[in-house]
There are 2 protein chains.
Amino acid sequence: MTRRQPSAALRADDLTAKARIRNAALDLFAANGAEATSLRAVAAAAGVTVGLVVHHYGTKEALREAVELAIVEQFAQTIASVPLGPCPPGQVTAARDRAVAAMLSANQAIVDYLRRAILDGSAGRVDLVSRLSQLSAQQVDDLREAGVASTKHTVGEQVVTIMVRQLGRLFLQPLVDRITDEFADDTGASMRPQLVVDVNH
Amino acid sequence: MTRRQPSAALRADDLTAKARIRNAALDLFAANGAEATSLRAVAAAAGVTVGLVVHHYGTKEALREAVELAIVEQFAQTIASVPLGPCPPGQVTAARDRAVAAMLSANQAIVDYLRRAILDGSAGRVDLVSRLSQLSAQQVDDLREAGVASTKHTVGEQVVTIMVRQLGRLFLQPLVDRITDEFADDTGASMRPQLVVDVNH
DNA sequence: TGCCTGTTTGTACAGTTGTATAGCAACTGG
DNA sequence: CCAGTTGCTATACAACTGTACAAACAGGCA
């Protein structure tokens, strides 16, 4: 059962075992929660044995950190992929928001993992929400240096707005959908109610 | 170590062991999640042994159901405690909303448990969200029979509005607070941004 | 060829989990 | 007075957990 990848690593379909393990962990952590996911389940989903998971990541906590790092990296790459050309102020922010929204809707596992990470609160360990917040803050700083972001509000306020508007709706929409589905027998053609999430500073 | 309650059961401070177990389970399930909470931790928090927990509730799943039933009961009692006197339409709904909001702000564990229950998705098992939705629906029906609720929208739409507005803000506010706290060093006196959660039908 | 470094496997171990069961203490109805 | 029920403890057990470790295996390089 010795499968072997000939060094051409980063193809989306033919990945290193290490990457396959990380992706499988993301999927399972997102679906069932990290605590409820055993290393053996991760290994089985990645098509390897437990020993290899331990060999590559050492501990389960390290594997979880690798997963979170990959999520942050995905955010950073998505933001960086939007060109910073000479646009009217606010245009770049909107474009980045759209890019992140598209990335999230294409990666349901990331949304699910984030939902768990946020609801957990997770006292003690280095936080994914903190890292994403700092990423957003850096994004705001960059735009300010380029002179395409308003300075009416503080950086913190702008970060809150970005995070809440981008994530809040994704987190709460399942609740709305489940409730509307439960009362769906009332009307044949029912429009899905749309959530509005915003912050008042 | 034989402690014994002399039959005066339902005092808020001197509870039956069965009730103490249920309360401890609610606290721990809310704080750490039900899957991450062992029956031994529940027993220790309630000051009893594991055997008694399983004696009273049989299985862990049954204990969880008892916890959820207690939550629903708390909602029902809170709603029922608001008098249904001859008021102008909409007044009763507002009073009930206020009562539920007060109850939730006094029981942080219920809020935390609900957040987990809702965001978990929790495929398969009988759902707490469903029960609360049905409670809300019954509430809307009652008000309609009494002629103090508008019939402009469907019952489903009204239930969604109630649930989302009452719960959505409570669930997302921790995210807002954590981010604002992280950037709190910017300004000495920072106002907490207030969340706005609503639905467009 | 032969060594060396990094993958990958298989298995073992101690700790924790949910659950089952046997037994003791106290109250209750007859 | 005593059989029965209930509250409660203690212990046991099989399953599963994260982690550790030795051995088999591959490819690159001298």
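Here is the naming used below: chain letters follow the sequence lines, and residue numbers restart at 1 for every chain.
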Distance, rounded to the nearest Å, where [X] contributes [atom1] and [N] contributes [atom2]:
{"X": "A:Glu35", "N": "C:dT16", "atom1": "CD", "atom2": "P", "answer": "15 Å"}
{"X": "A:Leu63", "N": "D:dG18", "atom1": "CG", "atom2": "C1'", "answer": "12 Å"}
{"X": "B:Leu39", "N": "D:dC16", "atom1": "CG", "atom2": "P", "answer": "17 Å"}
{"X": "A:Lys60", "N": "D:dT17", "atom1": "NZ", "atom2": "C1'", "answer": "8 Å"}
{"X": "B:Arg20", "N": "D:dG7", "atom1": "CZ", "atom2": "P", "answer": "13 Å"}
{"X": "A:His55", "N": "C:dG10", "atom1": "NE2", "atom2": "P", "answer": "16 Å"}
{"X": "B:Lys18", "N": "D:dT9", "atom1": "NZ", "atom2": "C1'", "answer": "18 Å"}
{"X": "A:Leu28", "N": "D:dG18", "atom1": "CG", "atom2": "P", "answer": "12 Å"}

>> If you count heavy atoms of other groups shown closer than 6.0 angstrom to CZ of B:Arg96, is the number above 12?
In response: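 It does: B:Arg96 CZ has more than 12 such atoms within range.
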
>> Consider side chain to side chain contact (heavy atoms under 4.5 Å, CB included). Of A:Ile71, A:Ile21, A:Leu63, which one does A:Leu26 pass it with?
In response: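 For A:Leu26, the side chain to side chain contact (heavy atoms under 4.5 Å, CB included) check succeeds only for A:Ile71.
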
> Given B:Tyr57 and B:Glu65, is the side chain to side chain donor-acceptor pair (under 3.5 Å) satisfied, shown in steps?
Replying inline: CA-CA 9 Å; B:Tyr57 294 97; B:Glu65 275 205 34; over 6 Å; no

> Any ion pair linking B:Asp181 and B:Arg178 (charged N to carboxylate O, less than 4.0 Å)?
Replying inline: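 B:Asp181 and B:Arg178: not salt-bridged.
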
> Any salt bridge between B:Asp141 and B:Arg144, counting N to O under 4.0 Å?
Replying inline: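 B:Arg144 and B:Asp141: not salt-bridged.
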
> Under 4.0 Å between a side-chain N/O of A:His56 and OP1 or OP2 of C:dG6, yes or no?
Replying inline: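 Indeed not, no polar side-chain atom of A:His56 lies that close.
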
> Would one find a side-chain N or O of A:Ser38 under 4.0 angstrom from OP1 or OP2 of D:dC16?
Replying inline: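 Negative; the distance criterion is not met.
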
Options [options], nucleotide nearest the side-chain atoms of [X]:
{"X": "A:Arg40", "options": "D:dT17, C:dG18, D:dC8", "result": "D:dT17"}
{"X": "A:Leu52", "options": "C:dT19, C:dT8, D:dT19", "result": "C:dT8"}
{"X": "A:Val54", "options": "D:dG18, D:dC8, D:dA20", "result": "D:dA20"}

>> Reading DNA chain D from 5' onward, which residue's closest nucleotide shows up sooner: A:Thr37 or A:Gly51?
In response: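 Per heavy-atom nearest nucleotide, the more 5' residue is A:Thr37.
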
